[in-house]
Number of protein chains: 2
Amino acid sequence: MPKETFFNLPEDKRTIICQVAVDEFAAYPFEQASINRIVANAGIAKGSFYQYFEDKNDLFLHIMQLVGEEKLKYMSSLIQAPYQYDIFTLIRELYISGIQFAVERPQYAKISKRILENKNSALYQEVMNSNMPTAYEFFEVLLKNAIVKKEVRENINVKLLAHLITSMNAVLIEYYLEHVSQDYDEGIMETVDHFLDFLKNGIGVNGTE
Amino acid sequence: MPKETFFNLPEDKRTIICQVAVDEFAAYPFEQASINRIVANAGIAKGSFYQYFEDKNDLFLHIMQLVGEEKLKYMSSLIQAPYQYDIFTLIRELYISGIQFAVERPQYAKISKRILENKNSALYQEVMNSNMPTAYEFFEVLLKNAIVKKEVRENINVKLLAHLITSMNAVLIEYYLEHVSQDYDEGIMETVDHFLDFLKNGIGVNGTE
DNA sequence: ATAATATATGACTTGCCGGTCACATGACCA
DNA sequence: TGGTCATGTGACCGGCAAGTCATATATTAT
């Protein structure tokens with residue numbers, strides 16, 4: 001937790017510091033991110049930084065909380081009422097939200113991505129623990145429910161599929177940014193719909209198997 | 001390229017240096033990997049290291065070549081004659097090889113994984129360029145061919161699917177190591193087959209859509 | 001105006017990094 | 001034996017990192 005001093009700061013100064021820190025952590029993984037660069041870019045003295053935060057760790061966890069909160073804003077309506085849609089529509093909306101987040105908050109998205117890649121490291125684990133139950137568990141419940149509702153066939157490996165659906169969100173975002181567009185546009189729908197078609201029906205010829 | 005001095009070294013010494021370097025690059029990303037630690041663990045003087053290699057970069061690229069060669073050993077028979085099987089069997093065999101590589105050469109696999117996560121960074125790009133055409137392009141050709149052979153339905157997004165199949169290899173490996181087993185055992189077949197069932201048929205109930 | 005308290009500062013410490021270099025050691029040949 | 005050349009060595013260099021601290025400057029209460 002940042003020190004009281006940090007929260008006593010005028011809002012614009014606090015905002016600048018956070019903005020600069022976000023840029024730093026988006027550009028470099030934790031170990032390479034530099035407090036020296038952050039204070040230089042934020043225009044504050046190094047000593048001041050340590051009046052605001054315990055240490056580099058403290059700053060990082062604070063930034064991670066901002067990222068988490070922002071991401072939640074994109075998802076919250078979907079997560080809070082997940083059964084208003086059938087599972088495929090829900091996944092569609094979740095993926096679209098994910099891409100939207102990646103496009104509109106690219107720095108935050110970069111930081112998020114690094115966390116998912118480092119699920120085992122001590123620091124990154126602390127982030128995950130403080131956070132929600134994992135997306136993976138969310139999809140597992142969702143799938144089981146969808147099987148009961150006969151939206152999804154019952155002879156699937158639920159654990160594996162939950163894992164795949166979680167991971168493919170990230171894959172889809174990467175694909176979208178790399179091959180479709182840097183901006184949020186109509187292509188997003190097409191890409192997500194292609195993916196959902198695959199998720200529903202696979203790629204085998206009809207009647208096979 | 002390592003200097004001539006390195007290749008003049010007795011084989012066991014060369015092997016130790018490489019082994020230690022592999023451990024280092026498996027434990028830390030390039031920027032955090034430490035030449036100091038490597039020379040200490042290998043029991044050589046720092047000056048000696050720079051008799052063998054131009055710099056850290058040089059060592060890393062050499063290690064990457066070893067990793068690439070080793071990985072190729074696991075795949076080569078499949079890649080050289082890709083059309084001896086239908087596409088699903090081929091993907092099955094490729095994925096099994098991938099898991100086998102990850103289980104039997106865990107350090108190499110960790111290094112490989114980091115490369116795929118850093119496709120954009122300058123150094124990691126140099127590795128990719130020196131290497132084969134990407135797995136992604138391989139699967140794209142494969143899919144187009146499978147459509148002609150009517151193994152795969154024709155109304156799919158080939159580019160997207162090629163991307164997904166490539167990425168899901170890594171996802172499957174991660175899932176296998178995390179949830180199924182640390183060793184190579186029978187569970188591997190079951191996991192891969194569950195995945196292929198999904199790839200062929202999707203998860204939707206039959207007749208839906 | 002004075003005292004007390006909160007905040008700002010940047011030179012400084014310690015530690016590790018990649019890389020260098022003058023010199024030591026050994027191998028081979030005359 | 002002495003000379004030449006390849007190899008081994010670790011103290012050393014400049015640079016940057018995280019974090020500290022004595023001191024300076026505001027701000028507030030009295």
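Here the structure is a predicted model, which is why all the values come from computation and not from measurement. Residue numbering restarts at 1 for every chain, and letters A, B, ... go by the order of the sequence lines.
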Using 30° and 60° as the class limits, which term best fits the ring planes of [X] and [Y]: parallel, tilted or perpendicular?
X: A/F53; Y: A/F6; answer: tilted
X: B/F60; Y: B/F25; answer: perpendicular
X: A/F101; Y: A/Y108; answer: tilted

Handout entry: Residues within residues 24-46 of chain A bordering DNA chain D, heavy-atom distance below 4.0 Å
Key =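 Per residue number, the list reads A/A33, A/S34, A/I35, A/N36, A/R37, A/K46.
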Problem - Stretch residues 13-23 of chain B: residues that reach within less than 4.0 Å of DNA chain D through a heavy atom - result: B/K13
Nearest whole angstrom, please: distance from the [atom2] of [N] to the [atom1] of [X].
X: A/Q51; N: D/dT25; atom1: CD; atom2: P; result: 16 Å
X: A/F49; N: D/dC21; atom1: CZ; atom2: P; result: 17 Å
X: B/N57; N: C/dC17; atom1: CG; atom2: P; result: 17 Å
X: B/F53; N: C/dT20; atom1: CZ; atom2: P; result: 15 Å

Problem - Minimum side-chain heavy-atom gap A/I35-A/Y50 below 4.5 Å - result: yes
Problem - Any side-chain heavy-atom pair of A/R37 and A/V20 under 4.5 Å - result: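 Of all side-chain heavy-atom pairs linking A/V20 with A/R37, none is under 4.5 Å.
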Practice task
For the side chain of A/Y50, starting at C-beta, report the closest nucleotide among C/dA8, D/dG8, D/dT20.
Solution key: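 Output: D/dT20.
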Exercise for the section: Choose from D/dA18, D/dG8, C/dA8 the nucleotide whose nearest atom is closest to any side-chain atom of A/K56. Expected result: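 Output: D/dA18.
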Practice task
Would you please indicate yes or no on a ring centroid separation below 6.0 angstrom for A/F195 and A/Y176?
Solution key: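 No; A/F195 has its ring centre 6.0 Å or more from that of A/Y176.
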Exercise for the section: Taking the six-membered ring for Trp and the single ring otherwise, decide whether the centroids of A/H179 and B/Y136 are under 6.0 Å apart. Expected result: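 Under 6.0 Å, so yes.
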Handout entry: Which atom of B/A45 lies closest to which atom of B/V39, heavy atoms considered
Key =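 For B/A45 versus B/V39, the nearest heavy atoms are O-CG1, 4.2 Å.
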Exercise for the section: Please determine, by modelled atom types, if B/Q125 and B/N120 share a side-chain donor-acceptor pair under 3.5 angstrom. Expected result: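 There is no such pair between these side chains.
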Handout entry: D/dA6 OP1/OP2 closer than 4.0 Å to side-chain N/O of B/N8
Key = no
Exercise for the section: For C/dA8, take OP1 and OP2 only and decide whether either is under 4.0 Å from a side-chain N or O of A/Y52. Expected result: yes
